[in-house]
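Structure record follows, encoded as structure tokens.
So that the names make sense, note that chain A is the first sequence line, chain B the second, and so on, each numbered from 1.
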Amino acid sequence: MKIAITSSNNNVSARFDKRFGRAEWICLYNDETRQIEFMKNRHTNLNNGAGTKTAEKMISLQVDRIISGDFGPKAKNLLDKFEIQVVVVRENNLTVEDIIQRIK
Amino acid sequence: MPRRRRLRKIVAPPNFTGYKPYGVNHEKQESVELLYEEYEAIKLTDYDLLNHKEAADLMGISRPTFARIYESARRKIAAALVETKEIKAVYGNALLDKNWILCNNCHARFTIPKKMHHNACPLCTSDNLELLNYQKT
């Protein structure tokens with residue numbers, strides 16, 4: 001299963017970004033192969049539609065689950081439609097590694 | 001032109017459509033309209049005991065806006081009690097956030113799409129879950 005985690009930088013000790021569309025980086029974790037990949041989010045500086053664009057990107061990557069701090073209504077509707085599980089974690093000061101540890 | 005009103009996110013709508021006073025003799029019953037977001041504000045601060053900042057973040061609005069909604073909610077309820085008016089729940093500027101499930105173990109909030117069949121928290125695999133406002137779509 002492919003899991004996307006929003007991140008503020010391109011390594012596992014980076015802070016978990018609680019925004020979805022405007023997260024700087026997205027960490028792609030595959031829980032079968034334990035492979036970790038980082039992808040730059042190109043939609044962070046859009047004036048509008050960052051959430052939708054990022055959601056479309058996730059759909060094209062065939063991600064099964066997205067972990068972030070919040071999802072806007074448009075992004076959430078789109079992800080619901082494509083049956084992608086969204087997980088909201090509202091804790092502060094988590095790193096990407098903390099989250100990977102929890103889902104292992 | 002004033003700035004557009006942000007929609008207020010609401011986790012669960014009220015489970016009632018209104019409250020009526022009894023033991024009063026009124027020819028015609030007046031009513032106050034309690035908006036969904038006002039109900040949510042009262043619920044988050046006085047029932048779930050969150051502070052205004054946390055509650056405002058949950059509803060996707062700023063803290064001052066939240067304080068205004070909360071104040072108007074309290075005044076409406078007080079007016080209804082003192083003037084023995086009916087309380088009606090009306091929709092307001094709300095956005096119902098559907099199909100959320102809360103894990104009581106790690107407090108993560110998540111959805112379960114139809115193609116997934118196991119009902120466990122995706123983070124801590126606990127099955128101590130609470131349906132917030134699940135609707136079959």
Side-chain angles (χ1 to χ4, degrees), chain A residues 1-6 16-22 27-32 47-48 50-52 55 58-59 62-104, chain B residues 3-12 36-37 44 48 50-51 53-62 93-126 128-137:
Chain A
M1 177 154 69
K2 261 189 176 176
I3 303 168
I5 303 165
T6 49
F16 165 62
D17 201 325
K18 295 211 289 180
R19 302 163 305 171
F20 170 63
R22 297 189 192 277
C27 169
L28 297 169
Y29 172 67
N30 188 325
D31 66 350
E32 283 133 26
N47 282 333
N48 47 32
T52 328
M58 294 293 109
I59 291 162
Q62 299 185 311
V63 169
D64 301 289
R65 174 186 294 167
I66 302 175
I67 304 175
S68 186
D70 197 13
F71 294 86
K74 289 181 201 155
K76 169 139 191 301
N77 278 342
L78 197 60
L79 295 170
D80 279 350
K81 212 173 280 171
F82 284 86
E83 306 205 339
I84 296 175
Q85 182 175 42
V86 298
V87 182
V88 173
V89 181
R90 303 220 44 112
E91 283 165 61
N92 290 316
N93 303 323
L94 282 177
T95 62
V96 175
E97 191 159 24
D98 291 337
I99 293 186
I100 294 177
Q101 286 301 331
R102 285 195 198 178
I103 52 184
K104 254 179 191 167
Chain B
R3 206 180 176 295
R4 80 188 161 98
R5 265 202 185 175
R6 282 201 171 277
L7 288 174
R8 293 87 165 91
K9 275 191 218 163
I10 287 174
V11 174
Y36 274 18
E37 64 259 34
L44 292 176
D48 295 332
L50 300 179
N51 66 39
K53 185 82 193 80
E54 293 164 340
D57 283 347
L58 273 183
M59 287 175 71
I61 52 181
S62 73
N93 300 298
L95 169 87
L96 291 179
D97 222 358
K98 276 187 292 189
N99 293 354
W100 286 108
I101 296 169
L102 182 74
C103 170
N104 284 327
N105 188 25
C106 67
H107 305 293
R109 201 150 48 91
F110 58 95
T111 61
I112 296 183
K114 269 173 272 169
K115 66 176 180 187
M116 282 186 191
H117 297 297
H118 51 95
N119 289 336
C121 173
L123 283 189
C124 62
T125 64
S126 152
N128 182 8
L129 305 177
E130 187 183 336
L131 303 182
L132 286 177
N133 50 350
Y134 210 75
Q135 296 175 354
K136 283 264 183 286
T137 43

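Between the CD1 atom in A:Ile66 and the OG1 atom in B:Thr111 there is a gap of 9.5 Å [rounded to 0.5 Å]. Here the NZ atom belonging to A:Lys18 is positioned 7.5 Å from the CG atom belonging to B:Asp57, to the nearest 0.5 angstrom.
Heavy-atom contacts from other residues, nucleotides or ligands closer than 6.0 Å to CG of B:Asn51 number more than 12. Within 6.0 Å of the CD atom in A:Gln101, the count of heavy atoms belonging to other residues, nucleotides or ligands exceeds 12.
Heavy-atom minimum distance, B:Leu58 versus A:Arg90: CD2-CD, 4.2 Å. Across B:Lys9 and A:Phe71, no two heavy atoms sit closer than the pair NZ-O, 3.7 Å. Of all non-hydrogen atoms in B:Pro122 and A:Val87, the two that sit nearest each other are CG-CG2, 3.5 Å.
If you measure heavy-atom distances from A:Ile84 to chain B, the contacts under 4.5 Å come from the backbone alone.
Of the residues considered (A:Glu83, A:Glu91, A:Arg102), A:Glu83 shows the highest number of contacts with chain B, using heavy-atom pairs under 4.5 Å.
Shown here are the salt bridge (Lys or Arg N to Asp or Glu O under 4.0 Å) partners of A:Lys74, two or more places apart in sequence or in another chain: there are none.
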